[in-house]
Protein chains: 2
Amino acid sequence: MKKTENQRQDTLYVASLEKGMRILSVFSEDRSELGLSEIVRETGLEKSAAQRFVNTLHQLGYLDKNPETRRYRPSLKYLEMAYSYLWSDNLVQLAMPRLIELSNQTQQTINMAKPLETDIMYVIRMPNYRTSFAASVIGRRVPALNASSGRVILSRQSEAMIRACVQDWPLKKYTGKTTMDRGAILENILMAREKGYCLTQKEILPDEINVAAPICSIEGTPIGAIHCSLPAIRWTMEKAEQEIVPLIVETAQAIVPSR
Amino acid sequence: MKKTENQRQDTLYVASLEKGMRILSVFSEDRSELGLSEIVRETGLEKSAAQRFVNTLHQLGYLDKNPETRRYRPSLKYLEMAYSYLWSDNLVQLAMPRLIELSNQTQQTINMAKPLETDIMYVIRMPNYRTSFAASVIGRRVPALNASSGRVILSRQSEAMIRACVQDWPLKKYTGKTTMDRGAILENILMAREKGYCLTQKEILPDEINVAAPICSIEGTPIGAIHCSLPAIRWTMEKAEQEIVPLIVETAQAIVPSR
DNA sequence: ACACTTAGTATTGTATTATAATACAGTTTA
DNA sequence: TAAACTGTATTATAATACAATACTAAGTGT
């Protein structure tokens, strides 16, 4: 065994726990069922280590085991954790009733997202018409620069910060129409900065118009965004601006977390 | 230190990981922000142990730390885990578009739940009018006997099994109208067994009528349920039976997982 | 403003516990 | 029918998690 490059080798760091969590987190959108050897491959752990940790997680109920195939899957405990999170986030609690209301009014798909590193993560989703599965589940991460929510959150930062982020942050090509031109993205964000909301088109899904407005703390720092997806077949940017924007902006502004 | 009652003391069980998970899972609906000492109290771990594990989980990004109060909260990683779970569950993937459709048609609150030990857990929720926060988030657990979904899932088991469960499983008093009479519950379930759906009233929320239908595998074993909540002010059991039941039952029957 | 309690943090020597290696047993592939 | 691959079980070793304890900071009550 080569000496691992573990800098944080203080006595307050439990390496075993890290390995266990590595296994929990190896399951993902495209890795939803894994056998032991696959886990070994994906995590880089020793076979015997993987064996012990998987076994433990199975006994604790975090991984379901298919006795036929001997492969593992995330269990409902994964969902229970989401429940704990959602209760701990008072922004979610504040926003929930208003988003339900908004979803009712507009009869469109409504989301709330929070910034997470260079991404945004969807924390509330209320689909209102047939969309991709990915677009209907919470916990999804998308590069902030790709999403109207991410852009409108960024738009509340200093202009210097915005420029830096637009330059450095990752960007992913989702559709043929995904803007990969960082200049255009900067322009879009600066526009959002002026107007107080962000409009995008066909960035992540081919036939979708998106409207987003920022949620800010009392001090003015952006902590999330509400966003509405509209089918581009039946909507135009102009119509969205007239009919949807006011509702989104008003709802977002009404959400001001106590602290 | 007394010799712990750890039966499963085989070499394939990593006790450290268990302790770490114990900390992750101590956060819940009513424990959403905890300091170190509180964690010590709630988990029963040694102070120094809690210190190490909390520290590790914080460094790994699973716990957010408020530098002011030095208290910890579940991080967005908790949500990311839900995302992994949802992708791994093909029942969820199958059901999602149909539930969106159903939510559209009925304009009522639609849920999908799965059995989990003696509870059910909500895995999809689509609120359509103002409800309690608890009723709008996934991952929530409710005793199976309390919920129409739980009952309708049970109703597809053998009558012997039903009787046993109705006798033994836990029951929680949510409202003044929550049925604590196990005889009445049995009757309700047997009725559901005949009719193929379950109707309840004011069991968990004071002004709510619930309609549930089972989702079964090809072999006929119940693996989940769809359920609709109606405000009792505007609905009666009869109206629900006429207008909602057919839609719910049809949707539930249309969901048959491949294997 | 005072001691006083409670909270979080840092350090260390020890042995308990996680460890890697390896052997074994089923399954699928050629 | 062998070969290559899975998952499972066992063991001796030392590395790592451990509890104790001391320290510091922040509240609490008188």
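The sequence lines fix the lettering, A, B, ..., with proteins before strands; numbering per chain opens at 1.
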Is the shortest side-chain heavy-atom distance between A/Phe133 and B/Trp87 below 4.5 Å? yes

Looking only at D/dA17, C/dT9, C/dG8, the nucleotide nearest the B/Ser37 side chain is C/dG8

Nearest-Å distance, CZ (B/Phe53) to P (C/dT17)? 11 Å

Side chain of B/Lys47, heavy atoms from C-beta onward: which of C/dT12, C/dA18, C/dG8 has the nearest atom to it? C/dG8

Could you tell me how far apart B/Asp10 (CG) and C/dT19 (C1') are, to the nearest whole angstrom? 15 Å

Side-chain N or O of B/Ser16 versus OP1/OP2 of D/dC18: is the shortest distance under 4.0 Å? yes

Mind checking A/Ser48 for me? I need base, sugar-phosphate or nothing, with any heavy atom below 4.0 Å counting as a touch. base

Do B/Tyr122 and B/Arg140 have side-chain atoms, one donor and one acceptor, less than 3.5 Å apart? no

Output yes when B/Glu42 and B/Arg22 qualify as a salt bridge under the 4.0 Å nitrogen-oxygen rule, no when they do not. no

Side chains of A/Glu33 and A/Tyr72: do they bring a donor and an acceptor to under 3.5 Å? no

Protein-nucleotide distance (A/Leu17, atom CG; C/dT17, atom P), rounded to Å: 17 Å

Atom-to-atom span, CD of B/Gln51 to P of D/dT21 - whole angstrom: 15 Å

What verdict does the side chain to side chain contact (heavy atoms under 4.5 Å, CB included) test give for A/Leu79 and B/Val123, after you've listed the backbone C-alpha separation in whole Å, the side-chain angles of each residue and the deciding distance to 0.1 Å? CA-CA 8 Å; A/Leu79 266 200; B/Val123 295; 3.4 Å; yes

With the threshold set at 4.0 Å, does a side-chain nitrogen-carboxylate oxygen contact exist between B/Arg130 and A/Glu101? no

Could I get the full list of side chain to side chain donor-acceptor pair (under 3.5 Å) partners for A/Asp89, not counting sequence neighbours? A/Tyr85, A/Lys114

Take A/Lys19 and B/Gly35, find for each the nucleotide of DNA chain C with the closest heavy atom, and name the residue whose nucleotide sits nearer the 5' end. B/Gly35

Could you check how far CD of B/Glu18 sits from C1' of D/dC18, rounded to whole Å? 16 Å

Compare the minimum distances between each of C/dT11, D/dT6, C/dA18 and the side chain of A/Arg41, then state the nucleotide with the smallest one. D/dT6

Side chain of A/Lys65: nearest nucleotide among C/dA18, D/dT8, C/dA21? D/dT8

Could you tell me how far apart B/Tyr13 (OH) and C/dT16 (C1') are, to the nearest whole angstrom? 17 Å

The answer to which of A/Asn55 and A/Val14 contacts DNA chain D further toward the 5' end, by nearest nucleotide, is A/Asn55

Among D/dA19, C/dT19, C/dT9, which nucleotide has an atom closest to any side-chain atom of B/Ala49? D/dA19

Counting side-chain heavy atoms from C-beta on, which of D/dG7, C/dA20, C/dT19 comes nearest to A/Arg70? D/dG7

Between A/Arg71 and A/Asn66, is any side-chain donor less than 3.5 angstrom from a side-chain acceptor? no

How many Å lie between CD on B/Glu46 and P on C/dT11, as a whole number? 21 Å

Five pairs at each end of the helix from C/dA1-D/dT30 to C/dA30-D/dT1: take the axis at both ends and give me the angle between them to 10°. 50°

Euclidean distance, atom CG of residue A/Leu12 to atom P of C/dT11 [Å, nearest integer]: 9 Å

Return the nearest nucleotide to the side chain of B/Leu36; candidates are C/dT9, D/dA17, D/dT11. C/dT9

Counting the atoms with a prime plus P, OP1 and OP2 as sugar-phosphate, which does A/Arg71 contact under 4.0 Å by heavy atoms, base, sugar-phosphate, or nothing? nothing

